[in-house]
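Following: one structure in structure tokens, then a few remarks.
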Amino acid sequence: MIKNNIKESEVTDYKHYLNRRAFIGGGLAITAGVMFSKITNATTINNYLKNKNYGKGLEPHSYEEITGYNNFYEFGTGKRDPEKNAKNFKTKPWNVTVAGECKKTGTFLLEDIIKNQQLEERIYRLRCVEAWSMVIPWLGVSVASVLKKFEPNSKAKYVKFTTLLDKEQMPGQKRPILDWLYVEGLTIKEAMNPLSFFAVGLYGKELPNQNGAPIRLVVPWKYGFKSIKSIVKIEFSETRPINSWQQQAPNEYGFYANVNPKVDHPRWSQKRERIIGRGGFFSPEKRDTELFNGYQAQVAHLYKNLDLAKNF
Amino acid sequence: MTKSLIFLLLLSPFLYLLFQIYNGDLIDPVEEITNPTGQWAIRFLILAFAITPIVRITKFYKLIKFRRMIGVFAFFYMLLHFSIWLIDQSFDLELIIEDIKKRTYILVGFIAFIASLLLAITSTNNWIKRLKKNWKRLHRLIYIIVPLAWLHFFLQAKSDMQLQPHIYGVIILIFSAIRIYFLLKK
């Protein structure tokens, strides 16, 4: 259930929620006050499950870090741009068109797509291709549970996702940085993997615009750019879609974009990653990047016969 | 008076960074300091490089007075840029060497930095006197530093962000052409 108006009691709930988090993870309590002032205009989402199968031992980043530091070129190329430029982005009503190799094609209201589905919270690590990472408590539904509703047929080998194209609302699209529309794709097996997630919120709130509202993909074993934001179209296809970054720079970005410390980006190493906001000024905290971002157990079987260095 | 004003102007990007750090605005200091310091370094480097040809054309000889200050500031921002790179490599010599070996733009930037270090050290009056004619020869390194710094900028730029490097490239070419013109005229 998504509520549009916000009540004092809900804000208090959120505070408690944060306190719980702080109790579990430690360290967040100090920032809770600051965050509290910033998020009061975000809408609370009630009735969701905390899926404890994901996020063991991960300490989520602060709301400010997650919503203040974004790569979302539709709203500008700077990490601070999306927060500023997405303020007035309209996400209601939101339609998603479903097309291609499935039985139930058409255009649907987002609410109708996710209604009757149990919202759950999953804490995932997001590893950006730029060698930094954050831990985010997403709220949403599994991709598989949504896609199955459209009854894809046997020709559906891939799923293609498209971001909204709207130069007025998304000022970043006025500059020819990418060949707008932003497109991403997964194999049907990747999409149906239990890890694949559609996020509609984070930290118990509706997804802030700068994080890809109102619905975005989250595929945590792949670099962040695969997790396409503000999705307006889902298309099942027999052929592999060409994702935007691959089209832009095929020598730097591939279709799979699986997190892999052994396959360097041409311009930098992928062996380690900066943990955003952690460590001192002169000693930013780093961690060794893990194959599939640490989700080997869930996804390694998808790539058994694949040369990961060639299919980066 | 003019000199202190220009000093402040050249310092202002650094002051802004300090302000951001003090304010706690930087979520990822490594990226958020690396980019602006690199940008200001190349801008001031090109500016220092442009002073001589500008003076030759405009005959506005007073400008020459500021050339050294601009050059030293360019180095100052390079030094900050370089230091953040060292921090990002956790001061680990193995990682530093690997980064230089593996990536052309790092190697190119590294050479430009070392050459600039020489120029910065010998920028004092004392060194000018001591090196006499050789000072001018040494400081012709600027003809290597500017293209290397540009190449570093060009190679690391995201494939989708090539506009700025191209503009800077054109500016460098124009001022190089003017410099060469006056050299040949002599």
Side-chain angles (χ1 to χ4, degrees), chain A residues 30-31 34 61-62 64-71 73 77-80 83 128-134 172 175-180 182 225 244-253 264-288, chain B residues 16-39 79-80 82-92 94-109 151-167:
Chain A
I30 313 145
T31 43
V34 187
H61 277 69
S62 73
E64 284 202 322
E65 286 165 331
I66 295 169
T67 61
Y69 195 80
N70 307 93
N71 269 327
Y73 280 17
T77 51
K79 300 279 194 293
R80 308 303 185 133
E83 188 182 20
C128 178
V129 73
E130 296 168 347
W132 54 264
S133 68
M134 267 191 206
R175 290 177 54 205
I177 288 157
L178 288 169
D179 188 5
W180 307 108
Y182 194 86
F225 68 87
S244 292
W245 278 107
Q246 188 188 8
Q247 186 191 28
Q248 178 65 37
N251 60 323
E252 297 189 349
Y253 309 101
D264 281 347
H265 185 281
R267 285 179 278 135
W268 58 82
S269 165
Q270 296 289 27
K271 273 198 199 100
R272 302 184 308 154
E273 65 209 39
R274 283 194 307 284
I275 305 173
I276 292 294
R278 302 282 182 272
F281 187 81
F282 293 103
S283 54
E285 195 179 330
K286 295 223 174 190
R287 64 187 295 276
D288 290 333
Chain B
Y16 180 61
L17 267 180
L18 285 185
F19 169 77
Q20 284 181 308
I21 294 167
Y22 175 77
N23 238 4
D25 281 351
L26 302 186
I27 291 179
D28 184 14
V30 169
E31 185 185 319
E32 290 169 285
I33 297 175
T34 298
N35 289 348
T37 51
Q39 296 248 5
L79 183 65
L80 293 174
F82 180 80
S83 308
I84 295 289
W85 172 66
L86 291 183
I87 287 173
D88 195 34
Q89 306 303 320
S90 315
F91 299 101
D92 183 327
E94 224 172 278
L95 290 174
I96 289 167
I97 291 169
E98 190 193 312
D99 213 20
I100 294 174
K101 270 193 194 162
K102 258 194 182 167
R103 284 168 264 275
T104 318
Y105 82 95
I106 296 282
L107 174 69
V108 165
L151 189 62
H152 168 78
F153 184 49
F154 176 77
L155 289 176
Q156 64 73 45
K158 286 188 183 181
S159 50
D160 52 294
M161 308 267 240
Q162 293 285 2
L163 186 65
Q164 233 185 339
H166 279 109
I167 293 171

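Looking at A/Arg272, only its side chain comes within 4.5 Å of chain B, counting heavy atoms on both sides. Looking at B/Leu86, neither its backbone nor its side chain comes within 4.5 Å of chain A, counting heavy atoms on both sides. With a 4.5 Å cut-off on non-hydrogen atoms, B/Glu32 touches chain A through its side chain but not through its backbone. Proximity to chain A (any heavy atom under 4.5 Å) is shown, for B/Ile106, by neither the backbone nor the side chain. The part of A/Asp264 that comes within reach of chain B is its side chain, from C-beta onward, which places non-hydrogen atoms under 4.5 angstrom from that chain.
The structure places OG of B/Ser83 at 8.5 Å from CZ of A/Phe282, a figure rounded to the nearest 0.5 Å. Of the inter-residue distances, the one linking A/Ser269 atom OG with B/Asp99 atom CG reads 7.5 Å to the nearest 0.5 angstrom.
The shortest distance between side-chain heavy atoms of A/Arg175 and B/Leu163 does not fall below 4.5 Å. The closest side-chain heavy-atom distance from A/His265 to B/Arg103 is not below 4.5 Å. Side-chain contact between A/Trp268 and B/Lys102: absent, with no pair of heavy atoms (C-beta onward) separated by less than 4.5 Å. You'll find the side chain of A/Arg80 reaches within 4.5 Å of the side chain of B/Ile27, heavy atoms only.
Between B/Asp28 and A/Arg274, at least one side-chain N (NZ, or NE/NH1/NH2) sits under 4.0 Å from a carboxylate O, which counts as a salt bridge.
A/Lys286 contributes a side-chain N or O that, together with a main-chain N or O of B/Asp88, makes up a donor-acceptor pair within less than 3.5 Å.
Annotation for A/Pro284 and B/Val30: closest pair CG-CG2, 3.6 Å, computed over non-hydrogen atoms.
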